[in-house]
Asks: 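Just passing along the structure, written as structure tokens.
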Amino acid sequence: MFEEDFAQTPLLSGLNPEQLAAVTYPAEPLLILAGAGSGKTRVLTTRIAWLLHTAQAQPHNVLAVTFTNKAAKEMRTRLGAMVSHSLRRMWLGTFHGLCHRFLRIHHREADLPPSFQVLDSADQLALIKRLLKQAGISEEAVVPRVLQGFINAQKENGLRAADLDAPDPHTKRLIACYADYEQTCRREGTADFAELLLRAYEVLNARPELLAHYQSRFTHILVDEFQDTNALQYRWLTLLAGGGAALCAVGDDDQSIYRFRGARVGNMADLMTAFGIDAPVKLEQNYRSAGNILAAANAVIARNRKRLGKNLRTGAGAGEPIRFYSAADDAAEARFIAGEIQALRQEGLPLAHMAVLYRSNAQSRILEQTLFAERIPYRIYGGLRFYERAEIKHALAYLRLAVHRDDDHALLRIINMPPRGIGARTVEQIQQQAQSAGVSLFAAAVQLAGASAKIAAFVRLIHDLHERAQVADLAELTAYTVAASGLHDYFAKQKIPAERERTENLDELVNAARFFRPEEAAGWDGVSADTAGVAAVAAFLGHAALEAGDNQADGGQDAVQLMTVHAAKGLEFDAVFVSGLEEGRFPGEQSLGDAEAIEEERRLMYVALTRAKRRLYLSMAQQRMLHGMTRTGVPSRFVGEIPENLLHFLSPKPARRGAGHFDRFGAAQTAAAGGGFYAGLRVRHTKFGKGVVLAAREAGGSVRVKVNFGSAGIKELDTAFARLEMED
Ligand SMILES: Nc1ncnc2c1ncn2[C@@H]1O[C@H](COP(=O)(O)OP(=O)(O)OP(=O)(O)O)[C@@H](O)[C@H]1O
Ligand SMILES: [Mg+2]
């Protein structure tokens with residue numbers, strides 16, 4: 001009888017009963033545990049819209065954490081279509097993006113300079129190499145990547161160098177290097193990715209007044225992909241939610257694929273204990289994939305032993321069989337994929353609705369080559385992205401020096417780029433001077449400028465950029481920097497076309513600066529929306545560092561999506577190709593013979609399979625070049641785990657295809673009302689406890705309401721008889 005009431009709230013229409021219950025769950029801690037494609041992300045987004053729509057929360061009361069910047073942008077766009085609120089003051093982003101935003105605002109409390117720089121992982125590695133060299137430690141004695149992994153792992157466990165001790169000399173040495181690294185970052189005013197989180201956590205933990213402020217501000221904290229949070233992220237979340245916020249976490253233990261980076265599935269159980277959640281809410285209907293695809297994914301994941309247990313069914317038909325293709329070698333596999341893509345495209349499926357997935361980045365090269373040769377536009381997620389390109393990093397290094405002249409790392413990058421006759425010997429002199437005087441490289445260069453015209457010219461350039469950074473508009477400053485540094489000219493003069501094309505990227509950077517809106521940036525809307533001055537440059541640089549970890553949304557050209565399975569998490573495509581399905585590749589070599597690692601690979605396979613909506617291709621190569629040697633490929637065990645009746649073994653023939661479809665969310669307009677009760681009103685019932693009104697209407701002189709009482713379920717009550725207290 002309430003159908004028509006829900007129709008008046010288009011926000012909620014189309015949700016199934018479990019989804020509806022989760023979306024409108026009272027403001028209490030809630031864990032949603034559900035399989036791929038069951039609408040977890042949709043529920044999370046709709047819940048935020050519902051909270052805003054029913055005025056249970058204002059945008060600034062919401063803290064929402066997504067796994068990638070892309071997901072955050074998508075959520076913001078969807079929300080924008082669902083509610084009329086300005087979302088500027090809502091904190092929506094990745095853990096890193098949100099902590100970055102927090103630290104920009106509270107840099108003083110965090111003991112960071114206002115223009116502190118974010119080091120991406122390449123910057124971090126370069127810094128580590130520099131420190132090892134200075135300390136006279138060979139890269140054999142301490143492998144830079146090992147040290148990098150060590151430092152990040154410690155930080156992700158909330159540990160500083162001073163907290164650590166070890167009996168063995170090697171670990172002792174790593175700890176000493178970590179201490180040295182910490183000191184340098186402090187001096188140079190830089191923070192790596194793990195530092196963003198750790199510092200934000202430490203500041204909140206050490207300052208009760210700040211914590212209280214944020215605890216009372218964020219009444220609703222929502223987290224997507226909760227299964228992949230690490231120990232520090234968990235602590236940060238629970239600290240913020242500790243003041244009574246309604247924490248809503250959604251996740252899927254079967255999709256936990258970041259164990260190697262410290263993700264803890266155990267966080268789910270811990271969360272339930274810590275927040276008194278009796279049982280997770282389950283969503284069991286899959287809306288994404290055709291029946292055969294889902295059956296295959298379910299069969300594969302069923303082999304894992306450590307599972308929390310949930311079901312997934314689909315209302316869709318079986319759909320097409322899953323296509324399996326075994327190619328003679330990797331080139332033939334790539335040609336097969338390209339051929340199928342062409343066929344699908346001819347039948348009207350946009351390229352953007354197709355994805356090619358692989359286990360590791362190295363596999364993309366041959367696919368790229370083939371797609372390029374076949375003139376099929378493609379886009380790589382997780383490859384060398386815009387902000388990671390050399391020329392862009394050069395230009396950003398100048399900008400960094402403009403706002404923070406003591407950034408040694410940036411200075412070393414560009415002191416002779418473009419070449420200005422400052423050779424390795426001169427750089428060494430500057431380094432020695434810096435060390436003996438205990439100052440930054442730039443300060444040392446200033447001291448040596450009298451003796452060298454070349455150094456003097458460089459110092460003048462940096463001073464000039466520094467002065468402009470104080471007053472100029474961000475786009476102006478970027479344009480000026482690209483030109484005055486000589487970078488643009490340098491690339492324009494190159495003979496090789498690919499080198500000359502780098503000028504286009506520099507122009508694109510100026511463009512990016514022009515369109516930079518701090519509030520839409522990776523989770524940070526800045527202290528002010530002002531685009532002039534040092535704060536804007538620092539925000540832009542932080543954005544660039546964080547954005548480099550994600551997809552670049554460029555061009556708008558229709559293109560096939562290429563990415564690792566890790567990067568595909570949370571996404572969906574009409575047609576998906578899972579390539580390289582050989583033992584030692586997927587599952588990867590390091591996992592063979594390690595039961596736990598195989599389970600993680602299997603979860604990865606589950607993620608890969610469940611990205612597909614309608615058509616799924618699995619492929620392998622019988623021979624593949626690896627490290628300059630031909631290797632014979634044995635089919636992946638995961639293919640064998642799919643019931644054979646779901647598979648169709650293919651000869652390379654193209655097949656037919658239909659067009660894609662979209663989902664639309666209607667904009668929310670009206671709330672049902674009756675007798676003072678309205679959707680979103682918080683109520684209390686003597687028996688059922690706290691609840692939220694879903695709908696209310698007058699019928700035959702009395703008012704009937706439908707209320708979601710959380711764990712007590714959804715009840716329909718007559719207000720004339722039921723003792724309902726209004727909470728607001
Ligand atoms: N009630 C529904 N009616 C129709 N479509 C739905 C419904 N719920 C979800 N969907 C659609 O199903 C697809 C999967 O939803 P969503 O991405 O939210 O799932 P998910 O659980 O987050 O998946 P994953 O575990 O892969 O992140 C989306 O296209 C979504 O719009
Ligand atoms: Mg999702």
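In this text, all values refer to a predicted model and were calculated from it rather than measured experimentally. When a ligand or atom number is given, it counts from 1 through the structure's own listing order.
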Asks: Regarding Lys690 and Glu28, does a basic nitrogen lie under 4.0 Å from an acidic carboxylate oxygen?
Replies: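 Not counted as a salt bridge, because no side-chain N and carboxylate O are separated by less than 4.0 Å.
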Asks: Gln285 near ligand 1, heavy-atom distance under 4.0 Å?
Replies: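 In this structure, Gln285 fails to qualify as a contact of ligand 1 - no heavy atom is under 4.0 Å.
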Asks: Out of Val565, Asp253, Ile257, which residue meets the side chain to side chain contact (heavy atoms under 4.5 Å, CB included) rule with Arg603?
Replies: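 Testing each of Val565, Asp253, Ile257 against Arg603, the sole residue satisfying side chain to side chain contact (heavy atoms under 4.5 Å, CB included) is Ile257.
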Asks: What are the two closest non-hydrogen atoms of Arg611 and Lys569, and how far apart are they?
Replies: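 Here Arg611 and Lys569 meet closest at NH1-C, 4.3 Å.
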Asks: Regarding ligand 1, does Asp252 bring an N or O atom to under 3.5 Å of one of the ligand's N or O atoms?
Replies: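 Asp252 vs ligand 1: no N/O contact under 3.5 Å.
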Asks: Kindly say whether Ala318 contributes a backbone atom to a donor-acceptor pair with the side chain of Asn292 at under 3.5 angstrom?
Replies: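 Side chain of Asn292 to backbone of Ala318: a pair is present.
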Asks: Taking Ser289 for the side chain and Ala612 for the main chain, is one N or O donor matched with an acceptor at less than 3.5 Å?
Replies: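 Confirmed, Ser289 side chain pairs with Ala612 backbone.
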Asks: Can you sort out which atoms of ligand 1 are near Gly35, meaning under 4.0 Å from one of its heavy atoms?
Replies: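 Reading through ligand 1 atom by atom, the close ones are 21 (O).
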Asks: In plain terms, say whether Glu596 and Arg259 are close enough for a salt bridge, that is, a side-chain N and a carboxylate O under 4.0 Å apart.
Replies: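 The answer is yes: the pair qualifies as a salt bridge.
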Asks: Are any of the N/O atoms on Gln19, whether in the backbone or the side chain, positioned under 3.5 angstrom from an N/O atom of ligand 1?
Replies: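 Among all N and O atoms of Gln19, at least one is under 3.5 Å from an N or O of ligand 1.
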Asks: Has ligand 1 got any nitrogen or oxygen that is less than 3.5 angstrom from a nitrogen or oxygen of Gly14?
Replies: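 So ligand 1 has an N or O lying under 3.5 Å from an N or O of Gly14.
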Asks: For Gly39, counting its heavy atoms only, list the atoms of ligand 1 lying under 4.0 Å from any of them.
Replies: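 Per the distance check, 9 (C), 15 (O), 16 (P), 18 (O), 19 (O), 20 (P), 21 (O).
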Asks: Is it true that Asp558 and Arg345 have a side-chain N and a carboxylate O under 4.0 angstrom from each other?
Replies: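 Salt bridge flag = no for Arg345 with Asp558.
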Asks: Who gets closest to atom 29 (O) of ligand 1 by heavy atom: Glu572, Lys613, Gln227?
Replies: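 Nearest option to atom 29 (O) of ligand 1, by heavy atoms: Glu572.
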Asks: Does the pair Glu716/Arg704 count as a salt bridge with the N-to-O cut at 4.0 Å?
Replies: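 Judged by the 4.0 Å cut-off on N to carboxylate O distance, Glu716 and Arg704 do form a salt bridge.
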Asks: Are there any protein N/O/S atoms under 2.8 Å from the Mg ion (ligand 2), and if so, which?
Replies: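 As for protein N, O or S atoms lying under 2.8 Å from the Mg ion (ligand 2), they are Thr41 OG1.
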Asks: Report yes if the side chains of Leu92 and Thr66 come closer than 4.5 Å at any heavy-atom pair, otherwise no.
Replies: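 Leu92 vs Thr66: side chains touch.
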Asks: Hey, what do you get for CD1 (Ile32) to CZ (Arg47), rounding to the nearest 0.5 Å?
Replies: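 These two atoms lie 7.5 Å from each other.
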Asks: Would Tyr287 and Asn16 count as having a side-chain donor-acceptor pair, cut-off 3.5 Å?
Replies: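 A donor-acceptor contact under 3.5 Å links the two side chains.
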Asks: Report, in ascending order of atom number, the atoms of ligand 1 lying under 4.0 Å from any heavy atom of Arg611.
Replies: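 By the 4.0 Å cutoff, the relevant atoms are 26 (O).
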Asks: Are any of the heavy atoms in Ala34 under 4.0 Å away from ligand 1?
Replies: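 For ligand 1, residue contact (heavy atoms, under 4.0 Å) with Ala34 is absent.
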Asks: For ligand 1 and Gly570, I'd like to know whether there is a polar contact (N/O to N/O, distance under 3.5 Å).
Replies: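 N/O-N/O distance under 3.5 Å: no.
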